[in-house]
Amino acid sequence: MESSSPPNEVVNSSKQACLEINLEDLPLDPGLRTRIWDYHPNVQDQVRRAYLQKGPFQPRNHSFPQRIISGGPRRFIPAWFDEFPTWLEYSVAKDAAYCFCCYLFKPNTGEQAGSESFVGKGFSNWKKKSERLQGHVGGPMSTHNQAWSNCKAFSKQIEAQTEYKTLLGASVSCMRFLLRQGLLFCGDDEYEDSNNQGMFADLLRLRCNYDEDIKAVTLNNASLTLKLTSSDTQKDIEIAISTEIINAIVRDIGDSLFSILIDEFHDMPSQDQMAIVLRFVDKGHVIERYLGIVQATDDTAVSLKGAIDDFFSTHGLSMAKLRGQGYGGTSNMQGELNNLKTLIVKANECAFYVHCFAHDLHSTLIAMSKNHLEIVDLFAWVAKVVNVVGEFVECRDTLREKHDVLVFEALNTSELLSEQGLNEGSSKFKTLISLFTMFSSVIDVLEVIAEFGLDSEQKSKARVLLGPLQSFGFIFSLHMMINILRITDGLSQALQKNDQDIVNAMNLVRVCKEQLQVMKESDWDSLLNEVSSFCQKHEIEVHNMDDRFLTRGKKRDQVITNMHYYRVELFCTVIDMQIQELNVRFTEMNTGLLLCVACLNPSDSFSAFDKQKLICLAQYYPNDFSTLDLMILEDQLEKYIMDMRSSIEFSGLNGIADLAQKMVETKKDSVFPLVYLLLTLALILQVATPRIDRVFSAMNIVKNRLRNRMEDERMKDRLIPYIETDILDSIDDEVIMQRFQNMKNRPCSVVAHARYYISGCQVVPLCFLYLEDQSSEFSYVWPHICDSEGSALCADNKQEMKSMMFQLPFKIDNACIGDKAQKQSEVTRNEQFHASCKGSH
């Protein structure tokens, strides 16, 4: 016979292994089971649930052996299973009977009342079957009946949890789809009789049409207090999804080196927000991940640095692992971002700034030029011309009889009317060129609109534009910016090519700086003559450079001439801005760094390889290469280049990204680890990363005019799954549901647990409550307890029943008790009982 108290080492071993238990492999034979109390408390309910789903072990077709008991042959009779179908079990291994519900829920009280024989040892005296089986069941207060009540209550809990899991799973799957597509959730009217409840409700209804299990527990079939369709629930699911995605990204980064790309998030002018993208290398592949929006207290560099430090701390990232930093091309915080670079470098000398080649350099240079009011006015007037002329061309059919058709044809083929002309820098440059070449046609159209426009507002807009466009200041700014952007256009296009040649790009940077300096020093006279000739051709008054410059608005303290203003304060100042911006983005240090990186290029049989420059590249990173590492690197580089040039596998590679991936595939990364580290550091530099542009494109889609007032955290939670769709697809619904459950107190980790009372009363469970966390108010739920005849307990039992009350941190709007048909009557009786006991409480 099996001992009722296993040795300590057996118990400890069982508890130690419980966390690794496979519920599918639990033994069915009751004689071979581990006692439920020997499992770790964290998994006891899981084991109970697994056994309840399988039911009692009743091998009816087994050949039950006979034994001599009290002088006669005796054996287990299968008909006993019919007599006690819910709890009686038989162990084939031990030829003994067991109690299913006592195994699962009997208190760990030793062998009181002899009930241990139906749990540990097993009952096998078949002669005393009637006496022992009926005696085991006992009266209403018996240990067996308590265990049976617990068993029934736990089964109901499992059923409730299953329904809740189905309901939550349906909501999560709908939210996952809508977030992935960047779609709205709510409609104009979410009442049940509304025709526009929103995409979430419509999608959930569609799922119900194809899944009966979901239909049975959702929408109209769901409890009034547990529909999981409220905006608060949707918001919590959003947070759970975005949190799991961020955690997955941070796990992927691990201890890897990474760089950060920051750009101002243009949302609320009064708020200083930054979008954060991290770049790292995983098995030779460059990975860029969007992690969210960071908000600073103000736009100072110190505040921005503090916001980034908090961001790193929140996500468990280390500033010591930072190996690069990059910033968006156009930003209102450009000056402070420049100061932020310095603060980050002070914290980590290896966090090098490199201009992102994917950013349109023209956009950056134009943004810098707009620090001058004349350039701001130039692009503002150009934008208005595009809008007014565009509106007019759209209605040209109504005015065709009055105006020259050739004007419209010319405008229709022009970049001037392209919407892109107001966005990217290269397109702005083309727009300026179009305005310059078609200036007469544009003036003609504006004059036509001023006289024959469709309405007074359109006529007024055209009249307002005619003055500034035909001024010397506008014409001068137009010609000057065209000449400046013409110099930088080649560099901007070269930087954005897919097959980037870093060496030639750096040479173009040098050439652009030199050309701008020559323009500043030598091209004034030619520009002035060009402007004057253009003005004379179009009958625009030309300023006398020796006359006094007439200011707009507030008078100057010092009188200056037109020559001084246009040459010194406008021409030289704007050119200096361009040169300064190029110097900031392409410093001597990061230019040297990029030229060293270019030596890793595998194109043309590693023709760019230069051992000394690669050793110099390693010296840029003292935190990653010690003096000993530099000595080893020199030897590795010699062997590396011989191996690469002699290997067919490494021929025909197009860039260092292909090289890194091929080294991982061929396991060369472990043969030349220091060379692979150089590749990793080079790939981390954000030389080419269009990711941030895709991020802002996603922002424009998600934050449309219907969601302009969306709060920052919710904006972040919706952007992350929309942008990082591949990670979203890799996360299982179960993980999201668990995160959702752990965020706050949820119903029942799914339902409220039942409690049982036996003092003079029939043992009944408390009503099960399905709750939706709608507030943090405290409410008291009183159980409905019956006596042995099923009547409600009288007021004399108040004091005893006070101990039966349990408290939940939820506001209870309703309860589901027993069958739905009994629901309202049971709730009413609970309320009446609550009122009767309120005084004593």
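Residue indices begin at 1 and follow the sequence shown.
- In terms of the side-chain contact (heavy atoms from CB on, under 4.5 Å) criterion, residue partners of Arg176 (sequence neighbours excluded) are, by chain and number, Leu728, Asp733, Ile736.
- With sequence neighbours left out, Val92 forms a side-chain contact (heavy atoms from CB on, under 4.5 Å) with Asp29, Phe57, Pro59, His62, Tyr90.
- Taking the salt bridge (Lys or Arg N to Asp or Glu O under 4.0 Å) definition, one finds that Arg49 meets it with nothing, sequence neighbours left out.
- Among all heavy-atom pairs drawn from Phe84 and Gln58, the shortest one is O-NE2, 3.9 Å.
- Side-chain atoms of Ser173 and Arg207 include a donor-acceptor pair closer than 3.5 Å.
- Asp732 meets the salt bridge (Lys or Arg N to Asp or Glu O under 4.0 Å) test with no other residue; sequence neighbours excluded.
- Of the options Asp282, Asp726, Asp252, a salt bridge (Lys or Arg N to Asp or Glu O under 4.0 Å) to Arg289 is made by Asp726 and by none of the others.
- By the ring pair (Phe, Tyr, Trp, His ring centres under 6.0 Å) test, Phe177 is found to be paired with no residue, residues two or more places apart in sequence or in another chain being considered.
- Among residue pairs with one or both ends in residues 78-91, those qualifying as salt bridge (Lys or Arg N to Asp or Glu O under 4.0 Å) are Arg33-Glu89, Arg60-Asp82, Glu83-Lys129; sequence neighbours excluded.
- Among residues two or more places apart in sequence or in another chain, the side-chain hydrogen bond (donor to acceptor under 3.5 Å, both in side chains) test is passed with Thr218 by none.
- By the side-chain hydrogen bond (donor to acceptor under 3.5 Å, both in side chains) test, Glu734 pairs with Lys165, sequence neighbours left out.
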Item to complete: Might you work through the side-chain hydrogen bond (donor to acceptor under 3.5 Å, both in side chains) test for Tyr51 and Gln46, ending with a clear yes or no?
Response: CA-CA 9 Å; Tyr51 276 120; Gln46 297 179 35; over 6 Å; no
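- For Asp211, there are no side-chain hydrogen bond (donor to acceptor under 3.5 Å, both in side chains) partners two or more places apart in sequence or in a different chain.
- Inspection of the Tyr164 and Gln741 side chains reveals an N or O donor paired with an N or O acceptor under 3.5 Å.
- Contacts of Ile246 classified as side-chain contact (heavy atoms from CB on, under 4.5 Å), with partners at least two apart in sequence or in another chain: Val250, His315, Ile720.
- Relative orientation of the Trp87 and His144 rings is perpendicular, given thresholds of 30° and 60° on the angle between their planes.
- Residues forming a side-chain hydrogen bond (donor to acceptor under 3.5 Å, both in side chains) with Thr86 (at least two apart in sequence, or on another chain): none.
- Every residue two or more places apart in sequence or in another chain that forms a side-chain contact (heavy atoms from CB on, under 4.5 Å) with Lys283 is listed here: Val664.
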